[in-house]
Amino acid sequence: MTEPYRVLVADDTPANRRLLAAVFKTEGFEVTLAEDGRQALAAALAAPPHVAVLDVNMPNMDGLETLEKLKAQLPIVPVIMLTAHGDIPTAVEAIRRGAYDFLTRPINNDKLVVTVRRAIERQELMGEVQTLRQRLTDSSLARLMGPSAHVRRVIQQVEQVATSLLTVLIQGETGTGKELVARAIHQSSERRAKPFIAIDCGAIPENLLESELFGYEKGAFSGADRRKEGHFQIAGGGTLFLDEIGNLTPATQAKLLRVLQERIVYPLGATKPVPLDVRVIAATNESLDDTIAAGKFRQDLYFRLAEFGIRLPPLRERRDDIRPLAMRFQEEAAVELRRSVAGIDDAAIALMEQHAWPGNVRELRNVIRQAVLQAESPTIQPADVERLLGKGAARAAPMGMATVPVPAGASLKDIAEAAADAAEKQAILETLRITKGNKSQAARQLKVDFKTLHAKMKRFGIQRGTTEPPEEEDGE
């Protein structure tokens, strides 16, 4: 007999708990009840449920805080939030923090059961994909990133720094796998049983970033109707990954430097410091040397973050990784998308090995997923790849073509970096030509964010021609 699915229900009203328990038990679920957020979190950690149903308004720890801590500890568990009728802002905030869905009271029991079943189905599908990933990668960073000598060097660095207390700065272009390496460091460290919390410093509005990082006390500012822990506190005992660190404002940089030096944090509105036990790993897709020279990033903070540095090479510098990565992405996508695509034609692989991949591994994965979805034959064909890569945009120069002047006495590293810069510049120029100077459209085609494209154009001295049409920024 199949073991019943487990549902965790947290609601501070006894009548609501009894009603929800009766609904789920009638459908054959095993139900665990909690009176507040603290009980719910403890119950989930003791026996992880297949799905959690949380009321927003609860004593001791409200639904949103419970959601945040539950997702930090058990990210695979889908969470459904129950909100008051018409409380759309709370519902939106719940989704932003990782909720699977939300339902407003009064609850439609049939809709609730359908939502729970769909959440469980999604969890099981993701579990299948994760199982396949584990089988394919064999828990090895080499399997995740590729077998090239460049990747072996990165693995050596991860092994060197993982068991230390050093802060780590990972530098690499968008899509090279910075978070993947950060997670590998965490999983190889003594902190692996504690949370790994990732925050994208470029995705959070400037006026909210400080409160997200350091938390705040009730009444600290207008709208602060409850106390909220920041990501530094949530990651207690574990690892905090700060992606796109170059986007921090000068004020936040100063506060972060103090946190790293003193190992304490002052939440907004707090009068007493909160001691910290957290390892910080930072990452950036831009040259912090240039940012420091421009006076936009503190040099003392850079030295604090870069106690140990790791550079991730772009995919165009490690073409030996393209075939194994493409084959792995194809297998994963076939399972996830439920498509009977069994492989990739060698000619299609050859096309991919000649592409410049400005979006790196992330772009490669996206291309393979789309090819699997659109393929009309049992294997991915060259035409499938050609259509997705575009008509020559961002294509690498043919092997052996002398495109970069080599200064006398230049090292192999200098030559490789100059070639990479030349390839990037040519890819940007060609894409801007195709998009008629529309930088937003070019950024989307190159699979990078607008800020990254703008920074690279400035670095390479690329400007729009005066004969081009007015540029549309599409709100970016």
Can you run down the salt bridge (charged side-chain N to carboxylate O under 4.0 Å, His left out) pairs that involve residues 267-278, sequence neighbours left out, and say none if there aren't any?
-> R191-D277
Just distance, no hydrogens or angles: give the donor-acceptor pairs under 3.5 Å from side chains in residues 246-261, sequence neighbours left out.
residue: N247; atom: OD1; partner: K451; partner atom: NZ; Å: 2.0
residue: N247; atom: ND2; partner: E244; partner atom: O; Å: 3.4
residue: T249; atom: OG1; partner: T252; partner atom: N; Å: 3.3
residue: T249; atom: OG1; partner: T252; partner atom: OG1; Å: 2.9
residue: Q253; atom: OE1; partner: R298; partner atom: N; Å: 2.9
residue: Q253; atom: NE2; partner: L248; partner atom: O; Å: 2.9
residue: Q253; atom: NE2; partner: K296; partner atom: O; Å: 3.1
residue: K255; atom: NZ; partner: E210; partner atom: OE2; Å: 3.3
residue: K255; atom: NZ; partner: Y266; partner atom: O; Å: 2.9
residue: R258; atom: NE; partner: E262; partner atom: OE1; Å: 3.4

For A293, enumerate each residue passing the side-chain contact (heavy atoms from CB on, under 4.5 Å) test, keeping only those at least two apart in sequence or located in another chain.
-> none
Atom CG of L213 and atom CD1 of I204: how far apart are they, to the nearest 0.5 Å?
-> 6.5 Å
Who pairs with N360 by side chain to side chain donor-acceptor pair (under 3.5 Å), at least two apart in sequence or on another chain?
-> E173
Return the set of residues passing side chain to side chain donor-acceptor pair (under 3.5 Å) with Q233 (not counting sequence neighbours), or none when no residue passes.
-> none
Can you label the angle between the F221 ring and the Y216 ring as parallel, tilted or perpendicular, going by 30° and 60°?
-> perpendicular
State which residues pass side chain to side chain donor-acceptor pair (under 3.5 Å) with T90; sequence neighbours excluded, sorted by chain then number.
-> D87
Gap between atom OG1 of T83 and atom CG of L54 - 0.5 Å precision | 12.0 Å
Mind checking what makes side-chain contact (heavy atoms from CB on, under 4.5 Å) contact with I155, not counting sequence neighbours?
-> L141, A142, V151, E159
Is there a side-chain contact between I368 and M352, using heavy atoms and a 4.5 Å cut-off?
-> yes
Qualifying residues under salt bridge (Lys or Arg N to Asp or Glu O under 4.0 Å), relative to D345, sequence neighbours excluded = none
Gap separating the NZ atom of K71 from the CG atom of L74, nearest 0.5 angstrom | 9.0 Å
Applying side chain to side chain donor-acceptor pair (under 3.5 Å) to K228 and not counting sequence neighbours gives none
Determine, for R459 against E286, whether the closest basic-nitrogen to carboxylate-oxygen distance falls under 4.0 angstrom.
-> no
Pairs meeting criterion salt bridge (charged side-chain N to carboxylate O under 4.0 Å, His left out) with involvement of residues 176-190, two or more places apart = E179-R183
Residues R96 and E93 bridged, charged N to O under 4.0 Å | yes
Taken in chain and number order and not counting sequence neighbours, the residues that satisfy side-chain contact (heavy atoms from CB on, under 4.5 Å) with P205 are N207, L208
What residues form a ring-ring contact (aromatic ring centres under 6.0 Å, His included) with F196, not counting sequence neighbours?
-> H186
